[in-house]
Amino acid sequence: MILFENWRRPKCYAVKHRDEAVVELSRSGGIFTAVSDYVLDQGGVVYGCVLTDDFKAVHVRAMDKIERDAMRGSKYIQSDIGDTYKNVKKDLLDGLRVLFTGTSCQVAGLKGFLEKNYENLFCVDIVCHGVPSPAVWNAYLRWQEEKIGQKIVDVKFRNKKDFGWRDHVESLMMDNGEQVDSKVFTKMFYDHAILRPCCYECPFKSVMHPGDITIADYWGIEKVAPEFDDNKGVSLVLINNDRGNELFEKVKKDLQWKLTKIEYSMQPPLIAPFSKPRSREKFWRNYNKKGFKYVVKRYEGGTMIGSFHQAFCKVKEKIKTIV
């Protein structure tokens with residue numbers, strides 16, 4: 001199985017979609033829409049993550065842009081792959097162009113399942129911070145509903161429209177029309193205690209990824225390409241091999257883009273996995289014995305200071321040793 005092909009280091013781009021409406025509906029700069037538009041226009045299919053009506057993250061298959069649109073946006077919880085790998089293989093054998101999007105471990109899992117390269121398969125992985133527990137996410141939603149006294153009807157993990165691209169606010173829409181804005185789950189996420197154990201040893205926390213293209217938020221864009229910095233969203237795009245380069249060249253016409261240096265584009269998940277916090281065992285012991293209402297008290301109010309932000313302060317010290 002070949003996970004990394006052709007190139008020793010990825011090409012790095014700052015990217016914004018030319019259509020401002022696409023950027024507004026995306027969590028970063030809209031690169032996913034551009035790539036998936038191309039595959040769909042070629043008669044292909046797209047696999048990606050959506051939220052169900054009960055706010056579970058699942059991978060689904062899209063044959064048109066309306067179905068694809070539900071895949072836009074961030075989902076900071078583990079997605080259920082289900083039969084996706086089997087369905088991807090069937091589509092490939094049927095001769096369809098297939099775009100598969102997911103975390104790096106999901107892309108690596110697909111390639112391991114397929115056991116061979118397919119010329120009609122494109123893989124795009126995301127720079128993943130880590131995968132939180134679905135159980136904690138569900139408990140958080142029930143806690144909010146009980147506290148507010150209304151049923152949640154929609155969720156935005158990052159409300160870019162109201163708070164800008166840089167801020168990280170989850171917004172819950174209630175059945176009475178009220179919008180509840182919170183950083184409670186965000187704080188839990190960045191505290192890292194609710195991540196899956198394997199995320200602390202993730203082999204893909206580097207500049208090397210199994211996708212043909214890797215995408216992320218372009219943090220630090222104000223220094224690298226200030227002309228792109230409008231707080232509406234910019235995508236970091238890593239081109240990992242010839243197939244990724246071919247695909248990117250096909251969609252450049254729909255994008256504003258700038259070739260940048262990866263040395264100036266680093267962020268913690270491109271360097272190493274986040275360490276398991278010393279508080280993790282205590283968190284889960286309290287969660288299992290005393291419940292969500294007990295553990296959530298730590299995350300209500302106050303300033304969000306966690307190992308994610310501390311890691312950013314150390315990025316420059318580590319860059320020279322990894323690139």
Side-chain angles (χ1 to χ4, degrees), residues 1-6 22 26-27 30-128 131 134 196 198 202-204 208-216 237-251 254:
M1 178 178 63
I2 301 175
L3 294 184
F4 306 113
E5 304 172 83
N6 302 105
V22 170
S26 305
R27 287 302 169 264
I31 180 63
F32 165 69
T33 297
V35 171
S36 55
D37 275 349
Y38 171 76
V39 172
L40 291 170
D41 288 343
Q42 297 295 310
V45 296
V46 177
Y47 287 86
C49 180
V50 303
L51 281 182
T52 63
D53 291 340
D54 55 353
F55 311 115
K56 295 178 181 178
V58 299
H59 259 68
V60 299
R61 178 181 186 266
M63 296 182 65
D64 59 49
K65 295 176 184 179
I66 294 177
E67 293 175 333
R68 182 279 317 277
D69 286 351
M71 300 173 183
R72 289 169 167 163
S74 305
K75 293 95 178 174
Y76 290 96
I77 47 176
Q78 177 183 339
S79 69
D80 186 352
I81 286 290
D83 291 330
T84 292
Y85 291 168
K86 293 180 180 178
N87 295 334
V88 167
K89 186 172 184 178
K90 182 180 184 303
D91 284 338
L92 292 171
L93 293 175
D94 288 342
L96 291 175
R97 290 194 183 209
V98 176
L99 172 64
F100 177 86
T101 63
T103 60
S104 296
C105 58
Q106 289 172 332
V107 171
L110 173 63
K111 290 189 172 185
F113 175 83
L114 295 175
E115 296 183 327
K116 59 173 284 189
N117 291 327
Y118 287 83
E119 291 298 318
N120 48 333
L121 172 66
F122 297 101
C123 292
V124 173
D125 58 353
I126 62 171
V127 173
C128 177
V131 180
R196 294 184 65 185
C198 61
C202 177
F204 304 111
M208 300 298 291
H209 292 85
D212 304 306
I213 294 175
T214 299
I215 61 176
V237 177
L238 304 181
I239 307 299
N240 299 322
N241 55 35
D242 291 337
R243 178 176 295 277
N245 191 60
E246 174 189 350
L247 180 57
F248 188 64
E249 290 294 326
K250 296 287 187 182
V251 303
D254 297 323

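Checked options Tyr47, Phe100, Tyr85; the residue passing with His59 is Phe100 (criterion: ring pair (Phe, Tyr, Trp, His ring centres under 6.0 Å)).
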Original post:
What do the steps show when you test Val39 against Val45 for side chain to side chain contact (heavy atoms under 4.5 Å, CB included), and what is the final call?
Top reply: CA-CA 7 Å; Val39 172; Val45 296; over 6 Å; no
Subject >> Intermediate values then yes/no, salt bridge (Lys or Arg N to Asp or Glu O under 4.0 Å), Lys250 and Asp37 >> reply: CA-CA 11 Å; Lys250 296 287 187 182; Asp37 275 349; over 6 Å; no
**OP:** Might you work through the side chain to side chain contact (heavy atoms under 4.5 Å, CB included) test for Phe204 and Cys105, ending with a clear yes or no?
**Re:** CA-CA 8 Å; Phe204 304 111; Cys105 58; 4.2 Å; yes
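Looking at Leu51 and Ile77, their side chains come closer than 4.5 Å, going by heavy atoms from C-beta outward. Leu121 has its side chain within reach of Leu114: a pair of non-hydrogen atoms, C-beta onward, lies under 4.5 Å apart. Asp69 is listed as a side-chain neighbour of Arg72, based on a closest heavy-atom distance under 4.5 Å. The closest side-chain heavy-atom distance from Asp212 to Leu247 is not below 4.5 Å.
In this view, Lys86 and Asp83, Phe113 satisfy the side-chain contact (heavy atoms from CB on, under 4.5 Å) rule, not counting sequence neighbours.
Put simply, NZ on Lys56 and CG on Asp80 are 9.0 Å apart, with the number rounded to the nearest 0.5 Å. For the atom pair Ile213 CD1 and Ile215 CD1, the distance stands at 8.5 Å (nearest 0.5 Å). The CG atom of Asn117 sits 6.5 Å away from the NZ atom of Lys111 when rounded to the nearest 0.5 Å. From Thr101, atom OG1 reaches atom CZ of Phe122 across 14.0 Å, with rounding to the nearest 0.5 Å. With rounding to the nearest 0.5 angstrom, the CG atom of Leu40 is 7.0 Å from the NZ atom of Lys65. For the atom pair CG of Asp91 and CE of Met63, the computed distance is 8.0 Å after rounding to the nearest 0.5 Å.
Among all heavy-atom pairs drawn from Asn120 and Leu96, the shortest one is ND2-O, 2.8 Å. Across Ser79 and Gln106, no two heavy atoms sit closer than the pair OG-NE2, 2.7 Å. Between Met71 and Val46, the closest heavy-atom pair is CE-O, 3.5 Å. Taking both residues in full, the closest heavy atoms of Ala70 and Lys75 are given as O-NZ, 3.6 Å, listed atom of the first, atom of the second, then distance. The heavy-atom pair separating Asp125 from Pro210 by the smallest distance is OD2-CD, 3.3 Å. Residue Val127 comes nearest to Thr214 through the heavy atom pair CG2-CG2, 3.6 Å, listed as atom of the first residue, atom of the second, then distance.
Within a 6.0 Å radius of CD1 in Ile66, no more than 12 heavy atoms belonging to other residues, nucleotides or ligands are found. In this structure, Asp54 places its CG atom where more than 12 heavy-atom neighbours from other residues, nucleotides or ligands lie under 6.0 Å away. Enclosure of atom CD in Glu249 by more than 12 non-hydrogen atoms of other residues, nucleotides or ligands within 6.0 angstrom is indicated.
We find that Arg97 and Asp41 are not joined by a salt bridge, their nearest charged nitrogen and carboxylate oxygen being 4.0 Å or further apart. One finds a salt bridge joining Glu119 and Arg243 here, because a Lys/Arg side-chain nitrogen approaches an Asp/Glu carboxylate oxygen to under 4.0 Å.
Side-chain polar atoms of Arg68 and Ser36 form a donor-acceptor pair below 3.5 angstrom.
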